[in-house]
Amino acid sequence: MTLQQSRRLQSLLLGTLAWAIAIVIFFPIFWMVLTSFKTEIDAFATPPQFIFTPTLENYLHINERSNYASFAWNSVVISFSATALCLLIAVPAAYSMAFYETQRTKGTLLWMLSTKMLPPVGVLMPIYLLAKSMGLLDTRIALIIIYTLINLPIVVWMVYTYFKDIPKDILEAARLDGASLWQEMLRVLLPIAKGGLASTVLLSLILCWNEAFWSLNLTSSNAAPLTALIASYSSPEGLFWAKLSAVSTLACAPILIFGWISQKQLVRGLSFGAVK
């Protein structure tokens, strides 16, 4: 076998492996969407049916039973607001730790990340009582604050990593040209790191959009996002798989579409580097 044939075979094997992994990862989403167009009888059929008569009755049921637009709007407002607030705090924090590093910087980063190991149920009661005493139960503000705090360690870590890849010489050159601190950050640093920031924003949005524990415990109706809508389809009578798949599809669709549109920025951010 020649070297060229060996490379072709290796490329074919890697491509086949990549497709196999992609199919395994995508299959649950495909099955969820497929089940959403089945009747409850078809959804419970054994063996599973791939060929069936599609129906929209599950989506019509959701439209009649729930105000999907209200839940979706809550998810949008809470996720984007929490992400914006998180980034507003994380960028200055990551900037100071990346370019003015001290002996305690690494320890501080590790301590921040260690807070993610705390089980949410361990702090549910004090946070619930605090929100109740402040009149924030079933409000968007409560979820925005909670989502910001729980995602802040990851966002700071990611932004810090991207900032560390930027040579300090670039910032020093801006200072020599008379740039102030805000000009240095807004006109030099952020444009260079925009790919990394885009991937950070996307990850934060996904984490906020998928968060279910706090939305179920701190909201009931007014500020309930789509994760609460999904949970409402679990009843004492059991799980109605077709309707549950339909509401899950409606809940996942916006963030999946947004992720698909933003995939170029995500890949650019994951492969970020300032030295060209």
Side-chain angles (χ1 to χ4, degrees), residues 62-63 65-94 108-160 197-236 244 247-259 262:
I62 293 170
N63 186 54
R65 173 186 166 181
S66 310
N67 186 359
Y68 170 80
S70 176
F71 288 94
W73 179 244
N74 285 336
S75 287
V76 169
V77 172
I78 293 168
S79 298
F80 279 85
S81 299
T83 297
L85 182 58
C86 204
L87 210 62
L88 191 64
I89 300 172
V91 169
T108 302
L109 286 168
L110 289 174
W111 173 78
M112 292 178 62
L113 197 60
S114 69
T115 60
K116 293 294 295 179
M117 303 176 188
L118 179 69
V121 70
V123 293
L124 172 61
M125 187 56 67
I127 290 180
Y128 180 88
L129 294 176
L130 185 62
K132 182 179 180 181
S133 65
M134 298 177 66
L136 294 178
L137 285 180
D138 199 19
T139 63
R140 296 171 183 166
I141 295 177
L143 290 185
I144 290 171
I145 295 173
I146 292 295
Y147 288 7
T148 299
L149 294 177
I150 62 178
N151 291 327
L152 192 58
I154 294 178
V155 174
V156 170
W157 258 94
M158 290 185 67
V159 178
Y160 168 81
L197 293 176
S199 63
T200 303
V201 168
L202 181 58
L203 177 62
S204 179
L205 283 173
I206 293 172
L207 293 175
C208 292
W209 193 276
N210 294 336
E211 176 60 42
F213 179 82
W214 293 107
S215 65
L216 294 178
N217 286 285
L218 297 181
T219 65
S220 57
S221 57
N222 295 331
L226 287 171
T227 48
L229 177 62
I230 295 175
S232 69
Y233 278 81
S234 175
S235 64
L244 190 60
V247 72
S248 298
T249 300
L250 289 175
C252 295
I255 199 67
L256 284 175
I257 295 172
F258 181 78
S262 309

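No hydrogens, no waters, no symmetry mates; every other heavy atom, side chains included, goes into these values. Position 1 is the first residue of the sequence, and the numbers go up from there.
- Between the side chain of T148 and the main chain of L85, no donor-acceptor pair closer than 3.5 Å is present.
- Checked against side chain to side chain donor-acceptor pair (under 3.5 Å), S248 has no partners two or more places apart in sequence or in another chain.
- In this structure, the separation between CD1 on I144 and CG on L149 is 12.0 Å, given to the nearest 0.5 Å.
- The shortest non-hydrogen separation linking D138 to A223 is OD1-N, 3.1 Å.
- Nearest heavy atom pair, residue S215 against residue P225, reads CB-CG, 3.5 Å.
- With rounding to the nearest 0.5 Å, the separation of CH2 in W209 from CD1 in I78 is 10.0 Å.
- Side-chain atoms of L137 and Y128, non-hydrogen and from C-beta on, do get closer than 4.5 Å to each other.
- Considering CG of N217 and CE of M125, their distance stands at 9.5 Å, rounded to 0.5 Å.
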L205 and C208: CA distance, side-chain angles, deciding distance, side chain to side chain contact (heavy atoms under 4.5 Å, CB included) verdict: CA-CA 5 Å; L205 283 173; C208 292; 5.8 Å; no
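- A pairwise comparison of heavy atoms in L152 and M112 identifies O-CE, 4.5 Å as the closest pair.
- Taking S79 as the reference, nothing meets the side chain to side chain donor-acceptor pair (under 3.5 Å) condition, with sequence neighbours excluded.
- Side-chain atoms of N74 do not come within 3.5 Å of backbone N or O of R140 as any donor-acceptor pair.
- The one candidate from L143, T139, L136 that meets the side-chain contact (heavy atoms from CB on, under 4.5 Å) condition with L218 is L143.
- Of all heavy-atom pairs between E211 and T227, the closest is O-OG1, 3.2 Å.
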